[in-house]
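Side chains are part of it too, since the values below use all heavy atoms of this structure and drop only hydrogens, waters and symmetry mates.
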Amino acid sequence: MSRRPGFVLEVDKSTPPTLFWSGEAFSLETLPEGSRVVYAPEPMKAIEDPYRAIRHALLHPEGDRDPLPALLRPGMKLTICFDDVSLPLPPMEAPDIRQMVIETVLDMAAEAGVDDVQLVAALALHRRMAEEELRHALGDRVYDAFAPHGLLTQHDAEDPDNLLFIGETDQGEEVEINKRAATSDLLVYVNINLVAMDGGHKSVATGLASYRSLRHHHNPQTMRHSKSFMDQPASELHSANWRMGRLIAESGVKIFQIETTLNNDTFPSNFGFLQKREWEWSLRDRASYAATSKALSKVPPRMARQIFHSIRSPHALTSVQAGEVEAVHALTTANVWAQQGVDVEGQTDILTMGLPYICPYNVNSIMNPILVACLGLGYFFNMYRGKPLVREGGVVIMKHPTRPEFHPGHHPSYIDFYEQVLTQTIDPVQMHKEFEESFATDPWYVHLYRTGHAYHGVHPFYMWYWCAHAMAHLGRVIVVGGDPKAVRRLGFSPASSLNDALEIASDVVGPSPTLTHMHNPPIFMSDVH
């Protein structure tokens with residue numbers, strides 16, 4: 001039986017309550033009649049033999065690239081870079097797709113007699129991965145073969161001895177990337193394309209870059225003019241990365257890009273009701289929802305967080321393509337949209353969304369208030385092509401507890417950003433001018449980034465800039481169930497219930513507004529006409 005595409009439901013009297021995520025919990029909410037609910041397409045069929053598909057892609061590359069074995073030779077320097085812990089979400093069941101791809105590349109390298117091989121986690125300004133996270137991504141065999149010998153490293157954007165300045169683009173953007181990668185005879189990049197924004201030139205131009213480079217596109221102006229991040233022709237972030245990536249290629253850095261796409265089979269069977277449309281819940285699904293909700297309500301947030309972060313997703317490979325960066329990415333993007341795209345007619349006055357427990361920057365960590373804003377306004381709001389789901393001047397209603405909690409090891413600069421910057425301004429342009437440089441160059445933050453497991457000192461600014469387009473577009477942002485003080489610190493309006501939020505929203509959009517709910521995750525992207 002063929003899978004069903006995405007679906008837009010119009011709510012009527014017979015429609016059951018709709019599931020809303022709220023951090024490490026969820027609830028059922030009754031939406032007004034006439035509201036719309038957008039559901040993701042069902043998961044695409046998985047490739048039956050991933051290793052065979054990977055090998056075929058490496059032997060039959062896209063664009064102006066020879067098959068991988070033809071690029072390998074004794075005495076060469078080979079560097080294999082891979083996406084970090086921020087992808088996929090949730091982390092996938094073992095074996096991870098990065099492990100399968102890297103094992104195949106290493107087998108080919110061994111057959112060709114290549115001895116100088118290093119692996120590099122492409123962190124950009126993200127936190128360093130813990131051993132167990134690296135083992136999960138790479139598998140024990142690869143980890144044990146490389147890590148003990150110093151051949152598995154994590155990109156350090158603050159290490160002057162391992163950064164190479166490539167040059168400037170025609171827009172004056174400075175390009176500086178990992179020296180080992182840039183000076184290798186071949187750089188193989190292994191990418192997981194969770195959304196359309198991932199991959200392409202962004203893999204190297206962002207993942208292996210320094211703050212000197214990243215500041216040229218991770219800034220309020222670029223983010224505000226990226227409409228959206230998932231719509232490449234309309235994304236200034238995409239354009240900047242493409243300029244930088246092409247300069248890297250023109251400088252002589254030889255890249256063999258490997259991109260993979262996964263289906264949206266997001267949750268294991270015991271959370272299977274989260275994958276379904278509510279009117280199709282079986283008695284077992286209803287019992288699972290009731291039992292899970294009751295259990296979560298009785299445990300402290302920390303324990304609920306541990307339960308959810310232990311989830312391993314049954315994501316499965318749907319495509320793999322390899323070769324020249326741009327040729328590969330064109331196919332990858334089409335495959336992402338084939339899984340995630342949903343046609344939606346027209347915009348809405350009010351867009352509602354329940355925010356789950358996880359985003360790219362709190363894997364095995366805490367969703368602090370800045371990340372709540374980023375997930376809702378930086379990611380979910382931007383999951384569209386054409387135009388936003390919500391009209392200009394409209395309202396976004398997010399449901400999340402938004403507790404003022406932070407992981408001190410992962411997000412130390414976030415704490416100071418919350419206490420020192422957001423108390424002064426929520427304007428991305430003003431904070432960029434007045435505060436960014438001091439956080440980016442602070443020696444303590446740099447030390448924690450380089451030696452611990454902390455995100456770079458500038459990272460909370462970047463997460464706030466991700467919200468810039470939504471902030472300029474919307475008339476108000478309301479958070480249901482959030483800590484009132486924390487919500488107001490973000491510049492948003494708190495509400496105790498969805499009905500209260502709708503009443504507040506009516507002051508902005510008027511009486512009898514249209515309403516659309518994003519039933520996400522599983523991930524989908526709206527093609528708004």
Side-chain angles (χ1 to χ4, degrees), residues 80-91 96 98 119-138 152-159 162-163 176-178 180-181 189-195 197-199 202-219 223 229 237 241 309 358-368 370-375 378-379 406-415 417 436 439-442 444-466:
I80 304 170
C81 301
F82 58 93
D83 284 343
D84 70 354
V85 74
S86 59
L87 296 168
L89 300 174
D96 189 286
R98 285 163 291 201
L119 306 184
V120 180
L123 302 184
L125 302 182
H126 298 174
R127 68 169 177 86
R128 298 192 318 136
M129 297 169 69
E131 178 180 334
E132 59 270 21
E133 293 168 334
L134 287 165
R135 285 187 178 276
H136 182 79
L138 302 174
L152 168 59
T153 61
Q154 304 194 60
H155 173 63
D156 184 348
E158 290 288 349
D159 181 4
N162 194 31
L163 292 170
E176 183 178 57
I177 64 171
N178 184 281
R180 164 74 196 198
Y189 197 102
V190 180
N191 186 272
I192 298 176
N193 291 74
L194 185 67
V195 292
M197 176 185 67
D198 300 329
K202 182 173 177 286
S203 299
V204 171
T206 290
L208 297 177
S210 65
Y211 170 67
R212 180 183 183 184
S213 281
L214 291 167
R215 63 194 175 98
H216 288 288
H217 47 71
H218 277 58
N219 57 62
M223 299 306 185
F229 300 126
L237 177 64
N241 272 289
H309 281 282
I358 195 169
C359 76
Y361 316 110
N362 79 313
V363 177
N364 301 318
S365 192
I366 297 172
M367 180 87 79
N368 62 58
I370 295 98
L371 293 179
V372 170
C374 180
L375 178 59
Y379 279 87
F406 297 81
H407 191 298
H410 293 163
H411 302 120
S413 66
Y414 278 72
I415 300 171
F417 178 87
E436 180 185 310
F439 275 67
T441 59
D442 183 278
W444 180 240
Y445 295 150
V446 171
H447 172 75
L448 294 176
Y449 162 77
R450 298 192 65 190
T451 63
H453 294 278
Y455 283 84
H456 194 279
V458 79
H459 202 260
F461 289 82
Y462 288 178
M463 297 303 94
W464 196 254
Y465 301 162
W466 278 84

Test log, rule side-chain contact (heavy atoms from CB on, under 4.5 Å), inputs Lys202 and Asn191
CA-CA 10 Å; Lys202 182 173 177 286; Asn191 186 272; over 6 Å; no
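- For Ser413 against Phe439, the heavy-atom pair with the smallest separation is O-CE2, 3.6 Å.
- Listed for the Gln154 side chain is no donor-acceptor partner under 3.5 Å among the backbone atoms of Leu123.
- Contact check for Pro91 versus Val363: side-chain heavy atoms found under the 4.5 Å cut-off.
- Put simply, the side chain of His411 gets close to the backbone of Tyr361: a donor and an acceptor are under 3.5 Å apart.
- The heavy-atom pair separating Tyr449 from His126 by the smallest distance is CE1-O, 3.3 Å.
- Residues Leu87 and Phe82 form no side-chain contact, since every pair of their non-hydrogen atoms from C-beta on lies 4.5 Å or further apart.
- Looking at Arg215, its side chain does come within 3.5 Å of a backbone N or O of Arg212 through a donor-acceptor pair.
- Distance check, rounded to the nearest 0.5 Å: CZ of Arg180 to SG of Cys81 gives 9.0 Å.
- Distance alone, capped at 3.5 Å, places no donor-acceptor pair between the His217 side chain and the Leu237 backbone.
- Proximity of Asn162 to Asp156: side-chain heavy atoms (C-beta onward) are nowhere separated by under 4.5 Å.
- The minimum heavy-atom distance between Leu375 and Cys359, with the atom names listed, is CD1-CB, 4.0 Å.
- A distance of 6.5 Å separates CG of Asn178 from OG1 of Thr153, quoted to the nearest 0.5 Å.
- The two atoms that bring Ile358 and Pro90 nearest to each other are CD1-CA, 4.2 Å, heavy atoms only.
- The shortest heavy-atom contact between Gly409 and Pro412 is O-CD, 3.8 Å.
- The shortest side-chain heavy-atom distance between Leu163 and His155 falls under the 4.5 Å cut-off.
- Under a 3.5 Å cut-off, the side chain of Asn219 and the backbone N or O of His216 do form a donor-acceptor pair.
- Separating the OG1 atom in Thr451 from the NE2 atom in His447 is a distance of 3.5 Å, to the nearest 0.5 Å.
- Looking only at distances, no side-chain donor or acceptor of Asn362 sits under 3.5 Å from a matching main-chain atom of Asn368.
- Side-chain N or O atoms of His453 include none that pairs as donor or acceptor with a backbone N or O of His410 at under 3.5 Å.
- In this structure, CD in Glu436 is found 3.5 Å from OH in Tyr211, a value given to the nearest 0.5 Å.
- The CZ atom of Arg128 sits 9.5 Å away from the CG atom of Leu134 when rounded to the nearest 0.5 Å.
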side-chain contact (heavy atoms from CB on, under 4.5 Å) evaluation trace for Phe229 with Met223:
CA-CA 8 Å; Phe229 300 126; Met223 299 306 185; 3.6 Å; yes
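- Using a distance-only test at 3.5 Å, with no hydrogens or angles considered, no donor-acceptor pair links the side chain of Tyr414 to the main chain of Tyr455.
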side-chain contact (heavy atoms from CB on, under 4.5 Å) for His407 and Arg127? Distances and angles first, verdict last.
CA-CA 12 Å; His407 191 298; Arg127 68 169 177 86; over 6 Å; no
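- Once rounded to the nearest 0.5 Å, the distance linking OG of Ser86 with CE of Met129 reads 8.5 Å.
- No donor-acceptor distance shorter than 3.5 angstrom exists from the side chain of Arg98 to the backbone of Val190, with no hydrogens or angles considered.
- A donor-acceptor pair under 3.5 Å is formed between the side chain of Asn193 and the backbone N or O of Asp198.
- A 4.5 Å side-chain heavy-atom check between His456 and Glu158 finds at least one atom pair inside the cut-off.
- Of all non-hydrogen atoms in Ala205 and Ala209, the two that sit nearest each other are O-CB, 3.2 Å.
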Tell me, with the steps shown, if Val446 and Thr441 meet side-chain contact (heavy atoms from CB on, under 4.5 Å).
CA-CA 7 Å; Val446 171; Thr441 59; over 6 Å; no
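- Taking the side chain as every heavy atom from C-beta outward, Trp466 and Tyr379 approach each other to under 4.5 Å.
- Annotation: side chain of Leu152 is in contact with side chain of Leu138 (closest heavy-atom distance under 4.5 Å).
- Side-chain atoms of Val458 and Leu214, non-hydrogen and from C-beta on, never get closer than 4.5 Å to each other.
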